[in-house]
Amino acid sequence: MKKRIIVIEDEPSILDNILYSLESDGFDVCGCATGGEGEQEFLTHGADLIVMDVGLPDTSGFELCPRIRQSSDVPVIFLTARAEEVDRIVGLEMGADDYMVKPFSPRELSARVRAVLRRYRPDQGQAGAGESSTATEAVGRGIPGFPFQIDEERVKVTYFDQLLSLSSTEFRLLRILCKHPGRVYSRSQLMDIAWSEPDAAMERTVDAHIKSLRGKMRAVRGDVDAIETHRGMGYSLKEKWRRKDSVERSQDSVDRIQNLGE
Ligand code: CA
């Protein structure tokens, strides 16, 4: 089954190049010249991934992406003509999974598309539909009051029984943190795990994703900080949820760095 990619780009020559390259790579493609057309196409026929220019004639990718995200966690890659880092970070905060700065080679975009699809559903393409054995993953076992539940199959996370609306990168980051509460991960470790091309990402993009994750969790519980910052080190998921001293997980204790960030 071919993956379906919607490409929203108003520059005809760029659009043609992208469509040609993705099609040669075996994707089913659909090109749209405006945000409205792209949104309609997605709502009507769906897609496995959307490539979206930030500067569109009728809207901007920064407005369109959150709108699509209200109803779907489809992966999004932004195309931007502006190389300033601020745009990249804003883009990632708007829920994009990756971005490409123009000019870029269509071949490189194809590689990013494959990488994003791979990390979005790593098991796909091997087993038949519905074959995945993992459903809700047991995380935080032995930690009283642990508020996260992860559904690997549906790529969903609930936090205090509320569904978080996450981009696929945010999902991967949170899943990593949830697997070992209390364990500190450096930004570069998180990049290695969450991005297949770590050189292309920068540490500050991790900060941007973490900031976005925190905002979503604060909307559920404003009084709780689920992700702790360890200055100069990185991030960890809050380990103690109800009692001061919760169950120690001996296998993690080597990795745990205590007395930081509290
Ligand atoms: Ca444009």
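Read the numbers this way: they start at 1 and go in the same order the structure lists the ligands and their atoms.
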Point to revise | Student check: side-chain heavy atoms of L174 and F148 closer than 4.5 Å | key: yes
Point to revise | Sub-4.5 Å side-chain heavy-atom contact between K156 and L166 | key: no
Practice item. With 3.0 Å as the limit, jot down which protein N, O or S atoms are around the Ca ion (ligand 1). Key: D10 OD1, D53 OD2, G55 O
Point to revise | Results of side chain to side chain contact (heavy atoms under 4.5 Å, CB included) for D25 - residues two or more places apart only | key: F27, S110, R114
Exercise for review: Return the orientation label for the W241 and F146 ring planes: parallel under 30°, perpendicular over 60°, tilted otherwise.
Suggested key: perpendicular
Point to revise | Residue F160 excluded, over 12 heavy atoms near CZ under 6.0 Å | key: yes
Exercise for review: Measure the shortest side-chain to side-chain distance between D207 and Y235 over non-hydrogen atoms and say whether it is less than 4.5 angstrom.
Suggested key: yes
